[in-house]
Each structure stands twice: as structure tokens, then as C-alpha cells.
Asks: 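Here it is: the structure, laid out below.
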Amino acid sequence: MILKNMFLTRVVFMLLFLLPNLAVAANQLDSVRIWAAPESTRVVFDLTQVPKYDSFTLTGPHRLVVDIQDTGAKVNLDKIANNSKFIKKIRFSSPPKKGILRLVMDLTKPVKSSLFTLPPTAPYGNRLVVDLEDTDGRSSAEPTVRRSANQSSRDIVVAIDAGHGGEDPGSIGPSGMHEKRVVLEIAKRLARKVDSTPGMRAVMTRSGDYFVNLNKRSELARNSKADLLISIHADAFTSPQPNGASVWVLSMRRANSEIGRWLEQKEKHSELLGGAGEIIQNTDNEQYLAMTLLDMSMNSSMAISHSIAGDILRDLDSITHLHKRKPESASFAVLKSPDIPSILVETGFISNPGEERLLSNGNHQEKLANAIYKGVLRYFQSNPPADTLLAKSSSTKHSVKRGESLSIIAQRYSVSVNSLKRVNNLKSDVVRIGQTLVIPGA
Ligand SMILES: [Zn+2]
């Protein structure tokens, strides 16, 4: 005990002695990066140490001033690539006090700003991050559901999520390829295929090199009323050997904990369940009902996820090595929408030198996108949601012959009389010879 105390006293004494020396060490601004997203902009200051900072805004013209204490700079601010719609220019300005580095952002309009620091992670060191957003919160582009000409059938919406982006490179291959670049290429190719399919439409959670946080990604999918969310990634391991693709779905445990969290936020229910949420909010004895409804929607979306994941794996099998032959389940943060069928595709190991080369290759990216697309298409062709254009176009037609009644036709196609009536808008069971009936899919 005595020994320990003596040791502590010594440490404290040494620290007190050393602290003033530490404080002298000046910080250094090494570089500045601007990541422009459609609705927001992230500015990153690379520094040699953790910065102490302050910020304030000025109007007429609109400016954001950032003061970093005890810092010098060796950056040419005129050479920074800037495609932000918020920032005219970033420049140095005379500091209020010696030792402070004052940076001024000349803005095009008033913005909401938030500043925070990020610790070093490869390939970056200490950073000061400035996020800029429109002051009116969510601005344009509230996605609308596109209806087809006859207004009665909608497109199947596939939300495509390219992992990482901007300040977050994802995994980095041995020759320096960033996961965020590879997966965006594959995601764009997949989106083009989906968009050129009648009855299907793609929504991308990001379309450029910028970061979108995970909550925002599933929010985008939910706002676009997505039928499916596909998140695209590339794997990495500490050793170069592992290779191949895998497909992941939400784990049951994660899904259950998400449901628990949602139940605590009643205002979220209507968002999740559409009409059913209204009922939940207006019922006293709502906990049980909410649980049952969420459970139903989760079970169905997990079954769909598993089925699509299996389809995609079959198609990936013919063009690349598979790391796992069956859909795996995990609690990836982006797969946390139990109400939307969600899958995550690891397209290969970027940490494997051979596969890093493949993943960077346009031909291979196209093959991967095509395999994912075929899996998705096959699933929705055989299981189109009832109100979609695909459901209409994929159904069989039947011309009524002499002697056939509705129940005979229903029996022949193994469908119910009621579904036949619903799909064909029949008020009674009477059909006439020569009448064309749409036979609903399985
Ligand atoms: Zn990733």
C-alpha cells in the first residue's frame, strides 16, 4: 500500500511538472476537405492534435467563423475543391488574439451548423468537423411515390444504399482502394438496372462521395415507401486470404431489441405502420396490439429478406466465389428497419489483393450489380405486392369459355373466388363467355 501511494504521488508530481510543457505545443492545420451532399455539406479540418475551438455566425453577408486555439496553418485555401451549394469560399482572417487561427466561411445563405471533433482513424488523423444544413431543416426532395398511368398500380421501390462515403472510407484495400468508391459504383449500376425495369424504381441513399448517417439512410428508405433496402459493402479481414461474397439479413435478436425501442416511442408507431399506427395511438390497451402488429410486419419482412438473400446468393454463385453459401444474420446498424425487408450484400473482400483488383474492375462491378438485380427481380416477379404494376403485368389472363363458372376458373388456377373478384372488380359471381379475367399471382 505504502509503495503504491508513494508511486502515485510521484506520478502526480511528474504530471504537474510536465503539463505546462504540453500546453506549449501548437496545433497545426494540415488540410481542409469539403464533402458536398445534396442537402448538406461537411467541412473537415485535418489537425495534428485535438483542437480547442469556437464558432459564431455573422450576417450581411452570411458567414460562419471558426476559431481554433493555439494553431498554425500551412494550407492553401484557394486550392480546395469546393462543390458545396452553401460555401462560396473558405479563407483565413485576422485573429482576435495571437495564436488563434481564424477561418471564415463565406456562405451563400443562412445555414444551421454543428461542430465536433473526430479522433484519428486511418487514413485520417485528428479532425474538426463542421456540418452545414439548410436552416429550414429538411428542404426539397421529399420523395414522392410515382404512380403509373392508370393511377391504380404503383412501382416497386428498391432503396439502394452504398455503404460509407465522404469522411468514412470504409475498408481500404492493400493497394489503397476505398470501399466507399467501389460500392458506390456497384450501387449506381444496380440503380440503373432497376430504373430501366418497367414497374420498378430505385432510390439511392447517397449518389456521391459524402457521408449519410445510418438513421438517415433508413429514414430515406421509409420516406420513399421502399419495398426493399439493399445495402452494398465490401468486406475486410486482418489477413489477406479470406475472399468471396456474402449476403446478410437482420438478426432476430436485433429485430426484437429494435421493436422494444420502438414501442417506447409511441409517436413513431403511425410512421411505421401506416393506418394501423392511428389505431394504436387511440387505444388505451395498446401495448399488446402494437406488439402483435409490429411482430407481424417484422416476421413478414424477415421472411422476405431471407428469400431475396437466397435468390441473390444463387446468382452471385455463378459469377464470384461465395464466402458464405447461406444468408447470414447480424445486427448491422443499417439493417435495423424491421418494417422494411432489408439485406446487406458484402460484394467481396477488399482486403484480398486479387479481389480488390476485381472489385475495382468495371466488368466485375457490372456482373455483381447484375447478380443482385436478377435476384431482386426474380423475387418480385414471383411475389409482387398486390398494388404494384408488376403484379398486374405478371398475372395470367384467362378468357372465359362456355360452361365455365367463377369457381371452376378459381379452382383451375388454385386461387380463391374472392381474390378473382377483387382483382377483376367483379360485383357478382356472374361471368360471360369471352370475358377476359386477370388471374392473380400465387
Ligand atoms: Zn462496409
Side-chain angles (χ1 to χ4, degrees), residues 35 37 42 118-124 158-191 202-221 228-251 254 305 308-309 312-313 316 320-324 327-337 340 342-361 364-365 367-369 371-372 375:
W35 304 104
R42 172 167 285 190
L118 282 177
T121 32
Y124 302 118
V158 182
I160 301 172
D161 174 54
H164 314 278
E167 196 58 12
D168 171 11
S171 302
I172 301 173
S175 81
M177 176 53 80
H178 287 188
E179 177 187 354
K180 65 172 183 179
R181 282 187 53 195
V182 170
V183 296
L184 181 62
E185 285 311 309
I186 299 167
K188 281 181 174 170
R189 289 170 190 271
L190 174 59
V203 173
M204 294 186 76
T205 58
R206 72 172 175 102
S207 54
D209 190 9
Y210 49 84
F211 185 73
V212 179
N213 76 45
L214 295 172
N215 287 333
K216 185 95 189 173
R217 290 175 199 240
S218 37
E219 191 188 308
L220 275 164
L228 172 68
L229 170 68
I230 305 178
S231 191
I232 298 177
H233 287 254
D235 233 329
F237 198 65
T238 43
S239 69
Q241 288 82 19
N243 68 336
S246 53
V247 181
W248 299 74
V249 296
L250 178 70
S251 81
R254 175 65 185 236
S305 306
I308 298 178
I312 291 176
L313 275 171
L316 283 172
T320 192
H321 174 71
L322 293 185
H323 182 60
K324 307 264 183 183
E328 299 284 305
S329 61
S331 39
F332 286 107
V334 72
L335 301 185
K336 65 175 195 179
S337 304
I340 303 173
S342 309
I343 56 172
L344 187 146
V345 181
E346 294 279 9
T347 49
F349 277 78
I350 202 168
S351 50
N352 176 295
E355 209 154 38
E356 181 194 29
R357 253 194 316 280
L358 271 177
L359 287 168
S360 319
N361 175 291
H364 189 70
Q365 291 169 353
K367 282 186 193 164
L368 287 166
I372 300 169

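Atoms within each ligand, like the ligands themselves, are counted from 1 in listed order.
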Asks: Output yes when a side-chain donor or acceptor of Gln365 lies under 3.5 Å from a complementary backbone atom of Leu359, and no otherwise.
Replies: yes
Asks: Ignoring hydrogens, what is the shortest heavy-atom contact between Met177 and Glu356? Give both atom names and the distance.
Replies: N-OE2, 3.1 Å
Asks: Under 2.8 Å from the Zn ion (ligand 1), how many protein N/O/S atoms do you get? Just the number, please.
Replies: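 That number is 3, waters not included.
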Asks: Is it the case that the side chains of Glu167 and Trp35 hold a donor-acceptor pair, with the cut-off being a distance below 3.5 Å and no angle test?
Replies: yes
Asks: Quick one: pull up NE2 in His164 and CZ in Arg206 and give me the separation to the nearest 0.5 Å.
Replies: 8.5 Å
Asks: Is the backbone N or O of Phe349 less than 3.5 Å from a side-chain atom of Ser351, with the two atoms forming a donor-acceptor pair by type?
Replies: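 The answer is no, because no donor-acceptor pair under 3.5 Å joins these two groups.
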Asks: Which of these passes side chain to side chain contact (heavy atoms under 4.5 Å, CB included) with Ile230: Ile308, Ile343, Leu344?
Replies: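 In the set Ile308, Ile343, Leu344, the residue that makes a side chain to side chain contact (heavy atoms under 4.5 Å, CB included) with Ile230 is Ile343.
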